[in-house]
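Working notes, beginning with the structure itself.
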Amino acid sequence: MQFPSSLLLSVAAFAGAAAAQGVSTYVNPAVPTGTPIAANYTGPLRPQVHYSPPKGFMNDPNGMFYLNGVFHLYYQYNPTGLGAGNQLTLVNSALGPCDEQRRLHVGEPADRAVPPEERQYVFSGSVVVDANNTSGFFPNQNNGVVAVFTLARYNEDGSGGPQTQAIAYSHDEGYTFQYYDRNPVINSTSSHFRDPKVIRHGDAWAMVVAYAQEFAVGIFTSPDLKQWTWASNFTNHGLLGAQYECPNIVKMPVRDRDSGAVVDEKYVITLSAQPGAPLGGSVTQYFIGDFNGTHFSTVDAATRLTDFAKDNYAAQFFYGVEGNPISMGWASNWQYAQQVPTGNNEGWRSAMTLPRVSYLTKAPRIGWTMVDEIYDPKPILGDSLASKTDMGNGSVTVDYADVASGALYVEANVTGIDVAKATSFSTLNLTFASPASGEALRSGFYLGGDNPFFVDRGGLRGFDNVFFTDKFSVTDVYYDGAADKSAAWRVQAVLDRSLYEVFVGGGRHAGTVLLYPSQPLTLLTVAARDLPPGARVSVAVWALKSTWAGLADEQGTVVGNVTTKAPSAAKRHMVYEGEFSA
Ligand code: FRU
């Protein structure tokens, strides 16, 4: 992102200091510390099954790790404004361990890792679990946690100063951190060197980090997370945009497309780029290849995108997940993230995507593909609102005005089509409308020709911005998942007030779409037209349970996270308690 100069000025005016365990730190006095931030999550645009900050501006997910039954998520956060600035990351959003199930824990913390000095910001980074105490920070434990992140300095005149890589460590599984007293661990004079993501590879640590405006992903190795050695660069791959940001590297199973069995494993580098995406603004691409701990080589020269729409950026994979990796992204785009109407209307901006579960496969026709499945939504499903197994060329209408969350999960499948008989009029549409205002979000399949799936947010009137382009589509979306191996189309969709996420073809294509109706959408119509004889259409619709409602007090206020692991506090501030199981 580029720092708006007005923000820089106000940041420069901040004063004050706080001590964090022997290392002096600088705290903007306007930033509340030591106290949870309370907020109301009932606004008509506030997503109910996606994470959004209580107030202020959020961007990249950071420091994601899984340990002892808890998923931890931190994020870039400006609690004092509705645009980027005053970045704090490593905000302590972890909550106490919770029985039985694996949980996703996110939230707004009371205690934050703050930059060591004035005009220095904590930019994006990652977290690892140092189970073998390679760092020496954890002589008596195997659950030590180390954060690796960028310290971004800005000069008095607002220009960018050096970006260096630093570490902080935590003895309590990520609830509180202490700065390493010999930071930075990777020095630099570049003002565009940022966003380290660290993984374990063999007996060493490996880092990918962006030389943002040189279009290179640097690969470093380390025995102890403190001393880092440059090993190689992955340079000038894919879409450059105007800078590379937030690289990730992750080991991923390769699955047979029919049986789902693991047949191999590869590595994936995901790489965000912005501005300058083909659809405008921000985009995330990925590369499939092999990684030997120091060098990454791709299986081919292709550039692939994680999404076909434009609102998923800077996604990160959780450290410590076995099997299919799990990621979440920032559900926005720098082209309009700081203008969207949730800011003026409700005092917050940006949400995270739903968690996605990924593997590699060779899909028909398009070959190597990272499949992004929706993380099992069952735990958040509420009432079944409709279920038809053979709709034919008919329709299903669901008035969900009385669903408290305003959020729906929809599955639709089309099978048994003789593809040669499908025409350009053969469609299956999912339309979410506001009868009050006449607005509608449209999406669906064209089953003939190149079989595109589309989403059109152009029928909504709550946000007028030239960059908020409105139509997205992806082609070749049928998949061979039907039991009889005939062509099959499948979509799983979550509509969550101001966010629409679609997983098409079992996750072979995914799209994240922000939407801003002027009135809530309350009427869903799923309709099939001109399908050739033999086509079978099934549709199922569920209400989604609000993850926030259970946390609110009588006034509807949700109090942000606290940093203690005390069960009572954890209970009180849990965001997704019981709603994500693995
Ligand atoms: C990407 C990004 C990162 C940076 C962070 C600052 O959205 O620009 O490169 O670390 O945001 O908030």
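Numbering of ligands and ligand atoms starts at 1, following listing order. The shown structure was predicted, so the numbers you read here are calculated from the model rather than taken from an experiment. Basis for what follows: all heavy atoms, side chains included, without hydrogens, waters or symmetry-related copies.
W330 does not count as a contact of ligand 1, since none of its heavy atoms falls under 4.0 Å from the ligand. Ligand 1 has no atom lying under 4.0 Å from any heavy atom of T150.
Shown in contact with N59 at under 4.0 Å from a heavy atom are these atoms of ligand 1, numbered in order with element: 5 (C), 6 (C), 7 (O), 11 (O), 12 (O). Close contacts between ligand 1 and D195 involve ligand atoms 3 (C), 4 (C), 9 (O), 10 (O) [criterion: under 4.0 Å to a heavy atom].
Shown here is D464, whose CG atom has no more than 12 heavy atoms of other residues, nucleotides or ligands within 6.0 Å.
F137 pairs by the ring pair (Phe, Tyr, Trp, His ring centres under 6.0 Å) definition with Y169, Y180, not counting sequence neighbours. Residues satisfying the side chain to side chain donor-acceptor pair (under 3.5 Å) test with R457, not counting sequence neighbours, are D311, Y336.
Note that CG of L82 is 13.0 Å distant from CE of M58, once rounded to the nearest 0.5 Å.
Ring geometry for W205 versus Y319: interplanar angle of 30 to 60°, hence tilted.
Among the atoms of Y313, none of the N or O lies under 3.5 angstrom from an N or O of ligand 1.
At a heavy-atom cutoff of 4.0 Å, ligand 1 is contacted by both the backbone and the side chain of S124.
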